[in-house]
Structures are given as structure tokens and as C-alpha cells.
Amino acid sequence: MSTIKQNYRLESRLEVFYTGGAVRTSRDDSKAACACHDEVKVIDTSTGNVLQTFQGDTEPVTSLAWGPNDEYMIIASRSLQLRAFSVETGRPIRSFKDHKAPVADIAIDGSQTLMATASADKSVKVWDISGGYCTHSFTGHRGIVLCCIFHPSQLLLISAGDDSQIKIWDLISKTCVATLQAHFSAVTCLSISEDGWTLLSGGRDGVVVVWNLRDYSKVATVPVYEAIESLVSLPKSMCKSIKLASKNAVVFATGGEKGVVRCWRSDTATCISRELDNMPAPAVAGSIVELCVSRSSDTQYALTAATEDCRLLHLDIHDMSIGLYRQFIGNNDEVTDVRFIAPAQDGQSSRLAVATNSEHIHVFDSNTLSCIDTLSGHKEAVLSLGYMKTTSGADLLVSGSKDTSVRVWDVSGGQKQKAACIAVGTGHVSAVTAVAFSNKPESKFVISGGADKLLRAWNVPEPSNDASPQSLAAIAAIPAHDKDINAVCVAPNDLLVASASQDRSIKVWKMPDLTPVTVLRGHKRGVWSIAFSPIDQAIVSASGDKTIKLWNLKDGTCLRTFEGHIASVLRVQVLSAGTQLMSSGADGLIKLWNIRTAEAVATFDAHEDKVWSLALEDDSGDIAASGGSDGSIAIWKDCTEADNENAAKEAENLAIQEQELQNAVYDGKWEEAAALAINMGRPGQLLGVVKKALEYTDTKQPNHILRSVSKSLDSDQVKKTLEYCREWNAHSKNCNAAQAMVHAILHEHPQADLLSMKGLDGILDGIEAYTKRHTSRINRLIRSSYIVDFILGVMGALAPASEAPPTPITFDDVDEDDRIKRKDTEEKPKKEKKTRKRRKTVM
């Protein structure tokens, strides 16, 4: 990569896609629809990337389902509306509203034509999906109906609710054919076996009841010793190693309040599964709220589980051993800090430790952004992180929390071995807001600062095999600032440390006794972040006054001030061997700065709220990570070299196209010339091609060339050409070429094809407006040209030679006309006098 960075591209992004509630996988299991506040987000189950978002109606989503052939997404919310969206366009196409309370569950029948909704209004309704009308309305439950399911082969609908009853409805007779009563609490989930004749029901009474759907009798009761929220009947291909006592016996999986997925057999009522070590701890993930069978390959099945803390777990079952092979965090809430961790093994991607406003630290694979580990130990939110690689090759992570403790973790194991806490430091009396490791592995110390205004230095012990963590030994502790400490950092040589505080000052201390060296003042608000330069005796600070300052450590003077953020600057990093800075702010922006010019080289936007954390994979800054209040995590990669290569290739291609265009015009290849000008985005050169084509007079048909040109254009080129014609038509000197090109396009392309182009109406309206002006101008010119005809007629220039010339006008004729006019003028007063005398006589 180049030393000086010019641009970064967004390599991957993990955003909030699941906030609890319903989760449904598509028929091919390649996508999963997840409830996210009032929206539904569809993710790729292999990468976790959000593929599509269905906008909500401001009310939380209560249930959802994939429609027929996964072409529709049906969403129910607390607004009592049931809306069907087109998956292709993402727009709502139909709305249902008949329930008097929110819908708790949605089921689609095997024929993909009917939909059932279970509601809190104690009713179950069946809808015709294509027609949009209600076909059945069943009432009979005495409480909220929590779940419903169609029989795979019979016209039966099964529903259950918090009245502990299970009802079976016949869709033909529209009656309840059976009521099953065996639970003593709410029935939360239903599942039907692969053959369709065994029903499984799970409830909060801690049992699963097995029913025979032929005679509606109870077959067995399986105690699972936990409140069940979801269960699924497993296909026989997943249970080949299990020999069942009878053909009607089934194997099923359950998930509930204990947060553990377990497999059971109905004939012996025993648990037959075991969890592998890579499963997240139940205390971390919370209870299982959703469970469904998905395909891990064309021939193998897997389980997808949703947990209380908004995780999606993809579980692999092999010989009844349940292992985790992929998990995604659906909601990180607010990301407070991120740190890169070196790969556990050569050839693997680096890892990313993420602290959120929870007591857990998540470790992600930086390439896939799938969660590979969770560190548990803190009792309150984790606020800061630090990383160091020891001389023995161990990867150590340090964390500071609101619980006033500092913890050191050994994260060397990667995915095969879970991380462990090796040391705990206690001594702060308030939240630990900042931590940092020494830069040299042989130094092995940690600096911590907190809201108690104290700065502490700790010795780091070597990782051991002890089950319990050791205690961190304090080297030094001093009251450093007048207000909360926001950030600490260590110099590259480990001889100096610096601390930044809300008291608007930066203080530099000498190790190991933390003796004061200098105080840097100049910011007008609290300082949020600091970083040492790797090559110069300088330090960089970011403040709430929207500025970044570069300080000289020798005399404590401010060398440069960087301005550009429109809100508080929350984090700053030094990269490119101390020649550039990268900063993030409360404006949601990330900026790349050149230290020499104090100017922003580039600005990146991938967050919708404050960007609290910013980390570099190494000192070169080729890869960076950011996290913010919106819960999203973004991975950035330097693309300067790639951009320069692409720019060089584009310049080369442009030169070649320019030459081809000139050759095509010279050779009279108008179609090729027009296509090149359009593809190059050169309206001026296209206008020149059109004008030269109009001047070409070898053909008897003036518009023949333009018609052949327009006929060779595809729909995108036609639209772009019409946009150019709209601009040409605004100038009178180019209107002839514009009108000729528009006429050729309208003549050669069918009206239906033109009307199908999006945005064409506005383009044609713009052409029409100026066309009317040009028409009016031409009409005025034509009317003005009649005076020329009149003058020429008077001058006799228009008479044909065969006709006699008009009688010339002589001076005698002119004198006679004047005499007649004078006579009329003299006689007019005499007539008026006679008329007045006659009126007097009459009076």
C-alpha cells in the first residue's frame, strides 16, 4: 500500500438488524428476516450483511412471515395492521386489518395460498393471500392466541394460547374438531413431525407433550425442566444415528429460558444431545426465543436460534453433538471502543474486540464480522480497551469498566480456545474510562484513568494456567486532573504517558513513578482523545471544541490546529509514519488529515450517530475500524493504490476512446461515433456528431443518418441522449440538432419502450417547454417576413416576366389625388355651417 493515504473504502459493515422478536428464514435458508424495532431487515445468513429493509409504520413488529415462494414479506405490528410487501420492489402491495389486538403469530399453509393469524383478541383468522380477504374466523380460546400452524397435508389449522389449550380447526367445516388439554401454563410453540401425524406442543410449564393427530390422543409427556419458547421437529436425515422404538417416535429440539438448545427423543423422554465447547454461555446469550431448522448444505440440515440478547446462532448437529459454526450479533447497542487483535494463527484474518454499553466484550472476525468469542467478567458496561502482544507471543487485551475494575484477558486461543481473564486490578473508586498497554512487550505495564480523576500504573503478569485471575499490582497512583480522565496513551519508547481530561488539559507524565513533565493547555472544551506521534516528539489531541491540535512536547506549544468537524472530535489516530491523522466525531464523520497542510484529505460517512471508537490494525493504517452510537461497526481499507491504478487505466481508456471517436467521425461512422460519445459522457462531442450528420448531404433523406444512429442506441443510451437533447434545446443555436435527434428517436423506438423508461416524463416535459418557445419564435419571424413580401410587391419585384408590368404611378396622378383631398377638406366646414343653421330654424 502507498505511504500517504488518499482514500478508504468501506470493506464491510455490521449494522443493527435484530432487536428481539420474530425471526424467519427463507425457503432456501439463504436469507433471514428479523424484526428490528418497527422495521424488518433481511440478512444474508452466510455473511450477516443486510440485504433489504422493509419500512415500518412507527409501531414495533409483533410477527412476520415469508409469503408464497418468498415473493412476499408479511409483517404485523402493534398498529393492528397486517401488510404484505413485495420482496422484489420492497413496497407494500396489500394491507389487512381485521383483528382488534396485535397479531402474535403468522403461518402460511403448504399450498402457499392461505395465511393464518393468531391474535391477542382471542381469535384466529385465515386469509386468502392473493385476494386479500378473510376466509375463516375462529373464536374459542379464552386468552391470547400465541401460535398457530397449518397441517402440511390436511385442511387443518392448529392454534394454542395462554389458556393452556390447543385447538384443531377444520377449514372445510369451519369448526373446532378437537381441543387438546394437557398443559398447565401458556402453550408457546407448536411443531408437526415430518410425516404430518405427530404434533409437538411446548409451554412455560416445562414440558413438551406429544400428540397423535389421527385420533387426537396424547402419546407422551417429555419433561424438559425449563419454560419452552420454541421447539422444532427434526428431520429424519438429522437423526440417522438414533434408533427409535417406534415409527411414530420423533426427535425434536427445544430452546427456552436456560439459553441452551437440546435434542430429545419422544419414546424415552430423554435428552440425547451434548453441547460442544464453542457454544456461548447461557448466562451471556440469554434465553432462546426462536428456533428453526435450516439447511447448512444441499444434503445437511442445521438449526438457527435467536437469543434474548439479539444473537443469531447457526448450530451444526452431528451425531447429536451441537456445535456453533457461525453467530451474528443483531444489536450491539452503543459501541464504546474497538481494538484490533492479531490473528491467532498464520493465514487467518485479524480479530476485532468490541466493547459496548454492556458487561460483555465481543470478539469478531474482521473479515466476516461474525462473533467468534464473548468475554464475560465485568459487572457493568465496558468503556475502554487496549491490546498488546507479549514477547512470548501471547495476545493480551485490557478492559476498563464502570464497575471500577481493570481486567487483563488472554485472547491467544482464537476460535478453538476461549479467552480467559488472567488478572484483575481494583483500586479505582469510579468508572475506569481509559486504559492503555505499553508499546514494548518487555515493559508490560498498563495505564488506567477514571472518572475518579486518578491515574494508575499496573504491572501485567504472565499468562498462567490458573483458573482464577491474579491481582494486578499497582506501580503508581496519583490524582492527575481536576475532572474526569477521558483518555490515556503511552509514548513509543514507554518512557512517557499522557492523560487527557474534561478539565481541558493534557498532562504528560514520566514513567515509572508518574512524575509530571508538562501540561498542554489550549482547548476550550474537554479533551476526548490523545495519541503520540511515532517518530516526532509530538502529541495529537481531539477535543469537544471541534478541533484537533498538534503539540510540541519540548516546549508545550501548539504547532497546528485542524478544523473541519462540525461537532466534538471524539477519537484521533496517527498513521502513515506520523504524516497523517484519522479522526472521528460526534457528527458521525471520519476524516483523513494531512499534517503538513492541516487540511482534510477525505471524509467518510458510514454512521448515523456519534463515532465513539476508531482503531487501526497496525501503524501503517491500511485497515481501520470504527464503531458508534448507532450500534454499527465499519471496517475501512486503504484504496489509494487501487484508485490510482484505476485512474491511470481510465485515462488510458479515455485516450483510446477519444482517438476512436475522432476516427469514426472522420470516416463517417455516425453510429459508432454517437455510441462512443454517449458512453464517454460527452454531450458536446455528441452534439458535434449530430450536426455533422445533419450537414451530410450525400443521401436523399436528410434524417436517414440520425435514424440509423438512434436505432443503434439501447434504452439507457436513449435516456441519456434525450437528457442531452433537453440541454441543447434550451439554446436557439443548438435547437435544430436537438429537434432532429428527438424526432429520430421517437420515430425509431416504440412508444411502449419509451414509456417504460423511468424518469422519461420529466425529460420530455423539459424538451416540450423549450420547443414551444422555439415554435413561437419561428412564427413571429414568419409573420415579420411578410413585410418583405409587401415591399417587394410594391416594388414590382415579384411579378412574373410573362405578365404585364403594373401601371407605373406618375406625378400627375399624385397631384390629382392631392387636389381631391383639398377640395374635400374645404367643403367640409361649409356643410357643417348649413347643418347648424337648419337646427336653429327648427328650434
Side-chain angles (χ1 to χ4, degrees), residues 333-339 353-361 375-387 397-409 421-438 445-460 469-490 497-509 511-516 519-521 523 525-530 541-544 568 570-571 586 610 612-613 627 629:
D333 206 356
E334 187 172 5
V335 179
T336 57
D337 203 0
V338 295
R339 281 293 182 275
V354 178
T356 64
N357 57 350
S358 72
E359 63 272 23
H360 306 302
I361 303 170
L375 312 183
S376 301
H378 285 290
K379 297 178 181 179
E380 293 189 45
V382 180
L383 301 178
S384 57
L385 298 172
Y387 168 72
L397 186 74
V398 62
S399 59
S401 169
K402 278 187 178 181
D403 61 7
T404 72
S405 68
V406 176
R407 287 180 175 264
V408 179
W409 311 81
C421 180
I422 62 172
V424 179
T426 57
H428 284 280
V429 295
S430 188
V432 181
T433 55
V435 292
F437 264 121
S438 58
F445 64 83
V446 169
I447 299 295
S448 65
D452 55 4
K453 311 164 193 173
L454 297 178
L455 187 67
R456 287 180 172 270
W458 314 80
N459 264 329
V460 179
Q470 306 176 47
S471 295
L472 288 175
I475 303 173
I478 57 168
H481 290 271
D482 297 330
K483 292 186 178 181
D484 297 1
I485 297 176
N486 291 332
V488 295
C489 66
V490 182
V497 298
S499 59
S501 170
Q502 280 295 111
D503 63 7
R504 299 176 290 181
S505 69
I506 304 155
K507 295 186 178 182
V508 182
W509 314 86
M511 288 296 293
D513 299 328
L514 295 179
T515 56
V519 179
L520 309 177
R521 300 185 186 275
H523 282 293
R525 299 218 173 165
V527 183
W528 285 105
S529 179
I530 49 177
S541 61
S543 169
S568 300
L570 303 176
R571 196 59 61 96
K610 301 180 184 69
W612 284 110
S613 54
S629 296

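A quick note: this is a predicted structure, and the numbers were derived from the prediction, not measured. The figures that follow rest on heavy atoms only: side chains count, while hydrogens, waters and symmetry mates do not.
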Response to the item:
In short, Lys507 meets Ala480 closest at the heavy-atom pair NZ-O, 2.8 Å
Worksheet item: Can any side-chain N or O of Asp482 pair as donor or acceptor with the backbone N or O of Asp503 at less than 3.5 Å?
Response: no
Worksheet entry | Reference residue Trp458; test side chain to side chain contact (heavy atoms under 4.5 Å, CB included); the match among Ile447, Ile475, Leu472, Val408 | Leu472
Worksheet item: For Arg504, does its backbone N or O pair with a side-chain atom of Ser543 as donor and acceptor, under 3.5 Å?
Response: no
Worksheet item: Rounded to the nearest 0.5 Å, what separation is found between the OG atom of Ser384 and the CD1 atom of Ile485?
Response: 11.5 Å
Worksheet item: Do the non-hydrogen side-chain atoms of Leu397 and Leu375 ever get within less than 4.5 Å of each other?
Response: yes
Practice prompt. Write down the atom of Trp409, the atom of Ser376, and the distance for their closest heavy-atom approach.
Written response: CH2-O, 3.4 Å
Discussion item. Looking at Arg339 and Leu385, would you say the former's side chain and the latter's main chain have a donor-acceptor pair under 3.5 Å?
Written reply: yes
Item to complete: Return yes if some donor-acceptor pair links the side-chain N/O of Ser613 with the main-chain N/O of Gly627 below 3.5 Å, else return no.
Response: yes
Discussion item. Between Ser568 and Arg525, is there a side-chain heavy-atom distance shorter than 4.5 Å?
Written reply: no
Discussion item. Determine whether a donor-acceptor pair (N or O, by modelled atom type, separation under 3.5 Å) exists between the side chain of Thr404 and the backbone of Ser430.
Written reply: no
Worksheet, complete the sentence: Residues Val527 and Ala500: closest non-hydrogen pair is CG1-CB, 3.6 Å
Worksheet item: Hey, what do you get for OG (Ser541) to CD1 (Ile506), rounding to the nearest 0.5 Å?
Response: 3.5 Å
Worksheet item: At their closest point, which heavy atom of Ala476 faces which heavy atom of Pro512, and how far apart are they?
Response: CB-O, 3.7 Å
Item to complete: Determine the minimum heavy-atom distance between Val435 and Gly386, stating which atoms define it.
Response: CG2-N, 4.0 Å
Discussion item. Please give me the minimum heavy-atom distance between Trp612 and Val335, naming the atom from each residue.
Written reply: CB-O, 3.5 Å
Discussion item. As an exercise, state the distance from CD1 of Ile422 to CZ of Arg407, rounded to the nearest 0.5 Å.
Written reply: 12.0 Å
Worksheet item: Under 3.5 Å, is there a donor-acceptor pair linking the side chains of Thr515 and Asp513?
Response: no
Worksheet item: Is there a donor-acceptor contact under 3.5 Å from the side chain of Asp403 to the main chain of Lys379?
Response: yes
Practice prompt. Using modelled atom types only, decide if a donor and an acceptor are shared between the side chain of Ser401 and the backbone of Ala381 within a distance under 3.5 Å.
Written response: yes
Discussion item. As an exercise, state the distance from NE2 of His360 to OG of Ser399, rounded to the nearest 0.5 Å.
Written reply: 12.5 Å
Practice prompt. Enter the distance from Leu454:CG to Ser448:OG here, rounded to the nearest 0.5 Å.
Written response: 9.0 Å
Worksheet item: Salt bridge check: are Asp337 and Arg571 linked by an N-O gap of less than 4.0 Å?
Response: yes
